[in-house]
Amino acid sequence: MIRSLHRWPGLIAAAFLILLAVTGTALSVFPALETVTTSQASAQQNVAELAAMVQAQHPSVEQIKRAPTGKITAWWFDGNTAASAVVDPATGKDAGSTDPNRLEQWLINLHRSLFLNDNGRMVTAVAALSMLVLALSGALLVSRRVGGWRRWFARLRGPWEGRIHSEMARLAVPFLVISAVTALWMTASTFSLLPDDSAYASFPSQTSGQTGFDVAQMAGLQSLPVSQLRDLTFPAAGDATDVFTLTTDRGMGYLDQGTGAMLAWSDNGPWAQVGEWIYLLHTGQGAAIWGLLLGLMALSIPALAITGALSWAKARRGRPALRGMAAASKAQTLILVGSEGGSTWGFATTLAKNLQAAGQSVHMAALNSFAPERYRHAERIVVMTATWGEGTAPSSAKRALERLAEASPSVPMTVLGFGDSSFPDFCGFATSFETAARAKGWDLILPEQRIDRGSPQEFARWGQAFGAKIGLALELHHQPSAPKAQALSLLSRRDYGEAVQAPAAILRFALPKTSLWARLIGRGMRFQAGDLLGIVPQGARIPRYYSLASASANGFVEIVARKHPGGLCSGQLMALQPGDSVQAFLRPNPDFHPDRGTTPLILIGAGTGIGPLAGFIRSQGNRRPLHLWFGARHPDTDLFYGQELAEWSENGQLAGLTTAFSRSGKRHYVQDALRQDGEALRELIQLGARIMVCGGRDMATGVQQALTEVLAPLGLTAANLKSEGRYAEDVY
Amino acid sequence: MQMKSILSALAITTALITPAIAQAKTVTLATNLTQYGGNGAYLAYYLTDANGAYAGSLWMAGGKAKYYRHLSDWARMTGGNPAEVAGITGASIGSGQGGYLSLDISDALFDAGYTLHIDAAAEDMRESPSEIAVPLTSKGAGKPVQGSRYIADFTYSF
């Protein structure tokens, strides 16, 4: 609800708001310029002195005005010609032209009415109202995201678009609220929707009928500092019934030109007083520094619009839309999804549609949003979650356990885990969530349900069992929709290992051509080494994933693949010739990206696991020391990137290179090499080094053991480093 | 440029006008503004009688009553009461532009000592009360009168 209140006005009003922000920022400069460039009246000077000085210069003076910036303007007649000048309050002499600044005027009219007068004012008022709605709903979203108002400035996580959006917003929101509220007030005042109680004294019916009292001697003007003056209008020449009209920041009144007496006075009412502050707050007229600050904060609007639209587009692509979804507070069934790449969302959508067809109201959301206190009409909660790495939470469920710990049990829950039973910690995260829920006292319908490798049959069986429990007939036919694949054409291949009947190759594909528009909205192929390339083999629907050995900046897509006996995908890859193509798509893998630090990086890999590591070395340049421990079978058969590794060692891109060969000479594995180099590794770790491991599962386990032994003297283990985020693995 | 035809303009504002509309003539008021360089000017058109007392308003160019106080002679005589120009207001007139009004004015008001005034003002600029103050006579019709601040010239003609 709040999110859509934030999203739709934002997307619709974005163009107007950007225009208003840019013109507003430009306008914020003028009051400051005017304050600096005009000479200001001294604090002791009173209006009588000023008026007398101006009158001495221009005996036919008609009117003296003081702008909130301190600029004083006088109007008079030279013979029959109307004349005017900016006045130096110290001398009363002319100090500049009164010609209005055309640029400022143009900007003001664009900013307040789009050059469309009242119609334009209404459009900008609607834009200001949307900004207010955006700022308030955004503030609620931020508070929810960080876990309460008191944590307003807490550190943010998540994809960069959303993070930057929230970081800028929480700084700018108070200023944007002030801009919007004051804009609305000023528009309402212009359209007379607010009471007009500004001072208005009726013209005195009786005057002395005399003329010629010295303006310098008028008590009403002597007691008034120049800083409080707004306007002093002199009586028309030759009209003895006319009077001096005085307007100040407090009100207005009339003075007799024959006696100098105050004939009438009226004070501004409360609305007008507030209105003066509103004007100052919005325009910075009379508060130049504030105006500049407000203008600076307005610049966040274009950036907020762009990052907001980007994160909306990303979220939209990331999860399938569910037609007719109910609000979380209204739904009978809550489906909460923990997914990394998006396939679990597909299963969730299938379940949601079936439940809807059976007459249920359904709300589907990321498991991160788990908040049972909001599910007021819920009858059950279905948690569907994948597992990332070894039992850790997938990205849409990173905070789920935290949320679960805070919540108290409500309606029955069921947990359905998705995973791959060939991995040791099958559905590890689903199990942790379920265990935690049980410990908290949740009532679990159908415990320990697991779907192996996205099996539609197992999912359908679960659907029947679940449906039976809740009294609905559910027929879940799930057709996994693979992400939209593109054709990648092979540029070149480098073959290894044919002599020992273990063929492998470095395959380099051309980057697919993308339109500028696709790149702008982030749909183009943008990736880093360590991200995954999903390849959909012919004759199969389920993709196989390969770690990328190149970044999009390199201008090509590169992977290292080995032929597995009977492997469908690897067999097709090994048969590719330059010019042939495969269907492939990208999957980001942010957990296996080098951090942005400058501490040393320890890269450990074996076999085809060298791929992403070689990609890192290629991309990192000489920014930080890189040390590679690489295990292969034999220097003549599968020393992938042998030539590049030699070059990188030579030119310093690679600070250290250690190779271990399991089928030649000493029959060394990479973990043996690590044990040998224990001293060097400990030094690197003490320098703050980060470790990245890529390769087969057995090798990764071996590396963990070896490192735990090596690091024991430092009182560290591989697990310690993992929890600190200094140990990343990409294992297959 | 604008062309307004207000049939009973003065019937609203003053009892001085003879009730028979047949005795009125259609008068065109042409106002050309100088290039004063600001936002649209507010102009108040009104009559005073032979004693200089307010007789009635003809037209208000400018829609927002809160700014009428800056038309200072008009405001002084009417107390700034927007009811004086209810139904006879139009848009303000931009710098360097012209405004044309077509009004039916009673014959009795011509050559009877009445004076037509125009007060002018624009945002953040000087007030210009009675910038035009021209006797309403048959002879004066068609003769342009010079203004001094906002108004380049003004002509009334039948």
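Reminder, nothing fancy here: chain letters follow the sequence lines and each chain counts from 1. Fair warning: this is a prediction, and the values are worked out from it, not measured in the lab.
- With rounding to the nearest 0.5 Å, the separation of OG in B/Ser72 from CD in A/Gln63 is 7.5 Å.
- Annotation: side chain of A/Val243 is not in contact with side chain of B/Arg76 (no heavy-atom distance under 4.5 Å).
- Distance check, rounded to the nearest 0.5 Å: CG of B/Asp124 to OG1 of A/Thr73 gives 9.0 Å.
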Apply side chain to side chain donor-acceptor pair (under 3.5 Å) to the pair A/Ser189 and B/Lys66, showing each step before the final yes or no. CA-CA 9 Å; A/Ser189 161; B/Lys66 60 185 289 199; 2.8 Å; yes
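- A distance of 14.5 Å separates OG of A/Ser84 from OH of B/Tyr36, quoted to the nearest 0.5 Å.
- Note that CZ of A/Phe203 and CG of B/Asp73 are 8.5 Å apart. Values are rounded to the nearest 0.5 Å.
- For A/Asp99, no part lies near chain B; criterion is any non-hydrogen pair under 4.5 Å.
- Within residues 269-286 of chain A, no residue has any heavy atom closer than 4.5 Å to a heavy atom of chain B.
- A/Ala74 does not touch chain B: none of its heavy atoms, backbone or side chain, sits under 4.5 Å away.
- Heavy-atom contacts from other residues, nucleotides or ligands closer than 6.0 Å to CG of A/Asn80 number 12 or fewer.
- With a 4.5 angstrom heavy-atom cutoff, A/Thr241 touches chain B via backbone and side-chain atoms both.
- The shortest heavy-atom contact between A/Arg102 and B/Gly37 is NH2-CA, 3.6 Å.
- With a 4.5 Å cut-off on non-hydrogen atoms, B/Ala75 touches chain A through its backbone and its side chain both.
- Chosen from B/Met77, B/Glu123, B/Lys64, the residue pairing most often with chain A at heavy-atom distances under 4.5 Å is B/Lys64.
- Counted within 6.0 Å of CZ on A/Arg250, heavy atoms from surrounding residues, nucleotides or ligands total 12 or fewer; the atom is thus considered open.
- If you tally non-hydrogen atom pairs under 4.5 Å between each of A/Thr245, A/Ile108, A/Thr233, A/Thr190 and chain B, the highest count goes to A/Thr190.
- Contact between B/Gly79 and A/Tyr200 at its shortest, heavy atoms only, is O-CE2, 3.6 Å.
- Looking at A/Asn117, there are no atoms closer than 4.5 Å to chain B (heavy atoms on both sides), in backbone or side chain.
- A pairwise comparison of heavy atoms in A/Ser198 and B/Arg69 identifies OG-NH2, 3.3 Å as the closest pair.
- Once rounded to the nearest 0.5 Å, the distance linking CG of B/Asn39 with CZ of A/Arg112 reads 5.0 Å.
- Interface remark: A/Trp106 contributes no atoms to any contact with chain B (heavy atom separation under 4.5 Å).
- At a heavy-atom cut-off of under 4.5 Å, chain A is reached by B/Met125, B/Arg126, B/Glu127, B/Ser148 from residues 125-148 of chain B, listed in order of number.
- Within the 4.5 angstrom heavy-atom criterion, only side-chain atoms of A/Asp239, from C-beta onward, approach chain B.
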